[in-house]
Amino acid sequence: MSRHTTDPRSTAVVGLQWGDEGKGKIVDLLAGEHDVVVRYNGGANAGHSVVVGGERFALHLMPSGVLSPGVRSVIANGVVLDPEQLFTEIEALESRGVKLGPLFVSDRAHVVMPYHKAEDQVREAILSGGIGGASIGTTGRGIGPAYAEKVQRGAAVRVGDLQRPDVLAARVRTAIEMKRHLFEAHAASVPRESWDADAIVEQAASWGARLSPSIADTRRLLRDAIDAGERVLFEGANATLLDIDHGTFPFVTSSAPSVLGIGTGTGLPPRSIGRVVGIAKAYQTRVGAGPMPTELLDATGDAIREKGREFGTTTGRPRRCGWLDLVALRYAVEINDVDEIALMLLDVLAGLDELKLCTAYRVDGVETDVFDPDASALAQAEPVYTTLEGFAEDVTQARSTDDLPA
Ligand code: IMO
Ligand code: MG
């Protein structure tokens with residue numbers, strides 16, 4: 001039976017902007033009302049800050065539910081798993097005395113291999129090398145190359161393959177052969193150990209042995225949980241505007257971070273989702289490259305960055321900051337069919353004389369409220385603002401909308 005059945009539905013928590021909206025905090029808050037918390041997309045490119053014993057702690061791969069007693073955590077098939085990163089997080093949490101709940105990892109999740117991280121970096125270097133492309137500003141965690149390997153099929157390693165020595169060796173050797181020319185041409189920037197087949201096969205087999213107690217058919221596990229009336233929390237990583245299909249392509253990540261990714265990323269049908277909670281900040285941020293119509297390249301942008309501690313959890317990069325973009329937000333609400341929005345970090349805006357809200361774009365002199373996510377199209381959009389008077393009050397203690405300044 002489900003716990004706390006005031007709302008019997010399963011819940012999706014998804015980012016409505018370009019990431020870093022504060023999803024971890026809301027997942028942490030809601031996890032206790034659920035039986036299972038599942039990551040369905042992305043990998044260690046996510047950075048979910050949670051507070052452990054008064055200390056801020058970043059989880060990149062672990063579902064934030066592992067901190068809630070009695071909750072089962074699942075890394076489902078749609079995730080690309082970096083085993084070393086997972087072990088690092090487990091050890092870091094345990095060394096802080098956190099008692100971790102049960103963790104299940106899909107045998108069908110794809111494994112991020114050392115050569116994927118190397119390839120991520122080489123590709124970024126080539127893209128920024130003046131041939132004509134533009135680097136994406138990835139997190140360098142091997143996300144794109146690992147998903148590409150999956151889509152190309154023949155040389156991909158899934159978690160279940162870590163326990164099949166012959167399959168594992170064949171896949172690793174094939175993958176490295178496919179990348180040989182690239183790595184040889186960029187030998188100076190590619191560490192030899194990231195494409196040393198024998199060493200990688202051995203290391204990967206040891207990952208398989210260590211993961212063994214957690215490896216499961218997570219589709220079945222989730223199906224059974226839902227059939228038993230349990231509540232599942234789908235923890236989105238990355239965010240809607242970074243979606244591979246519906247985001248600001250090509251400046252996106254390689255998975256489907258919105259609710260649209262939950263079906264393929266878990267094996268559950270879309271109707272399993274129930275409630276959708278969208279997370280948005282009271283302003284806009286973006287890390288990495290790509291168009292951002294409301295970006296502030298001035299002192300106000302700097303003030304938001306400092307006050308909001310807008311520096312990447314995964315890479316430490318300063319985040320680009322700007323005014324809340326309601327055109328983009330409405331698009332993300334539509335994509336996810338959001339039931340509720342958690343508006344985060346309103347307190348960061350306290351003390352600014354005036355606040356701007358982008359309510360439309362001007363494209364070629366014509367005002368529009370259509371969000372065309374294609375990066376080339378979005379780069380043409382100039383924001384049209386509504387200006388509001390600022391507020392000075394500290395809103396961190398507000399507990400209802402009545403406590404908030406008008
Ligand atoms: P969370 O879960 C912010 C961005 C990267 C880069 C682009 C592609 O913390 O909200 P990738 O390494 O995924 O190939 O990089 O996507 N990006 C994020 N930005 N928060 C994230 O996740 C992100 N995940 C990916 O900065 O621009
Ligand atoms: Mg992040």
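Both ligands and their constituent atoms are indexed starting at 1 by order of listing.
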For ligand 1, what are the residues with a heavy-atom contact below 4.0 Å? Trp18, Gly19, Asp20, Lys23, Asn45, Ala46, Gly47, His48, Ile136, Gly137, Thr138, Thr139, Ala237, Asn238, Leu242, Val252, Thr253, Val287, Gly288, Arg317
With a 4.0 Å cut-off on N to O distance, would you call Asp20 and Arg319 a salt bridge? yes
Excluding water, the protein N, O or S atoms sitting under 2.8 Å from the Mg ion (ligand 2) are Asp20 OD1
If you count the non-hydrogen atoms of other residues, nucleotides and ligands that lie under 6.0 Å from CZ in Arg192, is the total more than 12? yes
Between Arg305 and Asp302 (salt bridge meaning N to carboxylate O under 4.0 Å), is one present in this structure? yes
Indicate yes or no for a side-chain donor-acceptor contact from Asp120 to the backbone of His116 under 3.5 Å, with no hydrogens or angles considered. no
Taking the ring of Phe183 and the ring of Trp195, is the distance between their centroids below 6.0 Å? yes
Please determine if Arg72 forms a cation-pi arrangement with Phe104, meaning its NZ or CZ atom is less than 6.0 Å from the six-membered ring centre and no more than 45° off the ring axis. no
Measure the shortest side-chain to side-chain distance between Val232 and Ile273 over non-hydrogen atoms and say whether it is less than 4.5 angstrom. no
SB check Glu295 Arg320 (cutoff 4.0 Å): yes
Classify the ring geometry of Tyr40 against Phe234: parallel below 30°, tilted from 30° to 60°, perpendicular beyond 60°. perpendicular
